[in-house]
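The following block contains the structure, expressed as structure tokens.
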2 protein chains.
Amino acid sequence: MKKKKTTISDVAEKAGVSKSTVSQYINQRFRYMSAETKDRIEQVIQELDFRPNDNARNLKVKKTKVIGILVANILHTLSTEIIRTVEEQLQHRGMKVFICDSADDPEKEKEYLDLLVSTQVDGIIIFPVGNDFKVYNYLIDHSIPMVFVDRLVDGVTSDSVLLDNHAAIFLAVSMLAEKGHENIAFLTLPIDIPITPRLERIEGFKKAMASHKLEVREDDIHSLPRNQIQEKLARIFDAEKPPTAIVAGNDLVLREILSYLKQQKISIPGEVAIVSIDDVAYTEFYEPSITTIGQPIQQMGIKTAELLLNRITNSDQAPYITYRFAPELIVRSSC
Amino acid sequence: MKKKKTTISDVAEKAGVSKSTVSQYINQRFRYMSAETKDRIEQVIQELDFRPNDNARNLKVKKTKVIGILVANILHTLSTEIIRTVEEQLQHRGMKVFICDSADDPEKEKEYLDLLVSTQVDGIIIFPVGNDFKVYNYLIDHSIPMVFVDRLVDGVTSDSVLLDNHAAIFLAVSMLAEKGHENIAFLTLPIDIPITPRLERIEGFKKAMASHKLEVREDDIHSLPRNQIQEKLARIFDAEKPPTAIVAGNDLVLREILSYLKQQKISIPGEVAIVSIDDVAYTEFYEPSITTIGQPIQQMGIKTAELLLNRITNSDQAPYITYRFAPELIVRSSC
DNA sequence: CTGAAAGCGCTTACAG
DNA sequence: CTGAAAGCGCTTACAG
């Protein structure tokens, strides 16, 4: 049998006190409350299984103690790992988090951003999808604390936490150059919407090659959707002088590469060397184990939480900073 | 410069109408509104970049159009995949979702459940962590729509969606039995807290073995934490008559097994055959590719959304049903 | 130590 | 077609 929701008035009435007093109790302000009153209220709340309506409370106090995380794509392991760390940090400071998934859809991102704003969350952590700064105007105009993770948005200045992508790709290329590779290819996902890590890694790849005095040939950099990667690899290996090494722009790209190489029985590192950005679990026990560039997830999560918390507690306008985290090279057997 | 939040009164004043009329506009009730008024309000809302405060609205209308998903552990790929599907379904029906991560911690689960209740979400989807039915009493007493996914809770009757675990393990064992394996081991994560899939798979394993007239030896079923699996495997393979086949209870267990076998240079399927429950991405291009039992994620997600939506729209008390989904055997080269 | 009253920002019958 | 008024469930100075 369905029970009606209990309100603070019900509690007050049953306990024979005023709503104010019950409110004091809920908010742990016991200073001026007799032990007797306190016990009585406690008991009634138990009996009635009373849960305060946060909508009413938030409406009044204008703080929710919840922060929103808007993630570009919840299927990326990297994102959920960072979220996990952020959540742990925030929890210690008495905050809770609502996670929303943009599913790589700028439209959805916008809708969830609106929802989070309407919900009056105390701050927002965003793994951006789109690149339309207007979407963030509201947050900026109203000084709603926010920090960007993994990606940046053109035209928006904000605290940001991301990998030093140039360093990451530099590590990969250097590793390969030292082993004597000269024809190195780089594969990454599409950049029809400008996506920071992809753009930076492409740019970094060119620079890294140059600094090792290696030529970047016309057909060495590929930016394309997952389902076209295998097809593209077929053409790459059909070329006159196929690359002797491939750098995978992220774990999804790596997956396609390994799948293709296995099918074609092309041996790693014998026929082609592989290095991948993002240190996903199976690379360690794959045969051969894959050399990867990892992101310091723990540190990135901690910094993200810290930055947001600072903005929430000190509303002073400290300058915005973009934090770049050093990648780590994990040397294994694929090159 | 920080702007004050705009309210419906600001809009009303600036547009020269009453709050009621603005409210009508926000709620798309244009029936009795002159085109002129409508345009004026629209323009003012634009100018002021007005966003209604959902807390106020929800307080009044007692509907939020958001549902909460409380996931046991957001790091499990299976969970995020189901969440993605559920979200897509719900979105088509005009609902949004807030995801909360219990991080395998019953205490956290309880806190987030409270928060979701306080937020007045219209329904809750739970991948349960704990097994304490009391935690769900409030939801039940107040007929808050909910559906359980992946796991059940003793003493709670509710709509539920999960894999047919008996069938899953039966498929695995049968596959191996047909290939002539007699000594089959089963490894799964701990069951100190009763966790449905693990319990059912253990039970199902015994039944499946029996139905194939195979003996389950003392040392064939292992339930232990991840970090103890490799050690345990060492002892298993040290035994007099080590198993010729291993079934992995889920993808995390599989990871440990593959890692161990690689280290010890034990060949698959030559020295030991492997079958795993949960069809994770890399199993397809691993060498050798791994035979797995997959869950029909899409279907499960669709059913979950459907069940919840039904409870939300028809508050009639249809009987609660537990839906079991048929696993699929994906035959590859590891046995 | 406790209560009455105002108010947070909306929505919704109802009157006109 | 539009507005005045009451109310959703809380919190918070303030008075006593």
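Letters A, B, ... mirror the listed sequences (proteins, then strands); counts begin at 1.
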| Does the pair B/E87/B/K96 count as a salt bridge with the N-to-O cut at 4.0 Å? | no
| task | Report the nucleotide, chosen from C/dG3, D/dC8, D/dC10, that has the shortest atom-to-atom distance to any side-chain atom of B/K62. | result | D/dC8
| message | Quick test of your reading of the model: are A/D101 and B/R84 salt-bridged, counting only N-O distances below 4.0 Å? | response | yes
| request: Whole angstrom is fine here: how far is it from CG in A/N55 over to P in D/dC10? | output: 10 Å
| request: Mind checking A/F50 for me? I need base, sugar-phosphate or nothing, with any heavy atom below 4.0 Å counting as a touch. | output: sugar-phosphate
| said: Please determine whether a side-chain nitrogen of the Lys or Arg among B/D114 and A/R51 lies less than 4.0 Å from a carboxylate oxygen of the Asp or Glu. | reply: yes
| request: Could you tell me whether the phosphate oxygens of D/dG9, OP1 or OP2, come under 4.0 Å of any side-chain nitrogen or oxygen in A/T7? | output: no
| said: Rounded to whole Å, please give me the gap between CG in A/N27 and C1' in D/dA13. | reply: 14 Å
| query | What nucleotide, of C/dT12, D/dT11, C/dC10, holds the atom closest to the side chain of B/V61? | reply | C/dT12
| request: Would you kindly give the CG-to-P distance between B/D54 and C/dG9, to the nearest whole Å? | output: 14 Å
| said: Closest approach to the side chain of B/M33, judged atom by atom: which nucleotide of D/dC10, D/dT2, C/dT11 is it? | reply: D/dT2
| field | Pair A/Q43, A/E47: side-chain N/O donor-acceptor within cut-off below 3.5 Å | value | yes
| said: Reading DNA chain D from 5' onward, which residue's closest nucleotide shows up sooner: B/K19 or A/R29? | reply: B/K19
| said: Can you work out whether B/K38 or B/K60 has the more 5'-proximal nearest nucleotide on DNA chain D? | reply: B/K38
| field | Any A/M95 side-chain heavy atom under 4.5 Å of A/L309 side chain | value | yes
| said: Categorize A/S20 for me: base, sugar-phosphate, or nothing, with a 4.0 angstrom heavy-atom threshold over every strand shown. | reply: base
| said: Just N and O in the side chain of B/T37: are any of them under 4.0 Å from OP1 or OP2 of D/dT2? | reply: yes
| query | For B/R57 and D/dC10, what is the distance between atoms CZ and C1' respectively, to the nearest whole Å? | reply | 19 Å
| For the pair made of OH in B/Y25 and C1' in C/dT11, what is the distance, rounded to whole Å? | 17 Å
| Is there a Watson-Crick or G-U wobble partner for D/dG16 with both distances under 3.5 Å, and if so, which one is it? | C/dC1
| Nearest-angstrom distance from the residue atom CD1 of A/I41 to P of D/dC10 | 14 Å
| note | Between CG of B/L59 and P of C/dG7 the distance, given in whole Å, is 17 Å
| message | Does C/dT2 have its OP1 or OP2 closer than 4.0 Å to a side-chain nitrogen or oxygen of A/S34? | response | yes
| query | What is the distance, rounded to the nearest whole Å, between atom CD of B/Q120 and atom C1' of C/dC10? | reply | 15 Å
| field | A/S18 side chain near C/dA4 phosphate (N/O to OP1/OP2, under 4.0 Å) | value | no
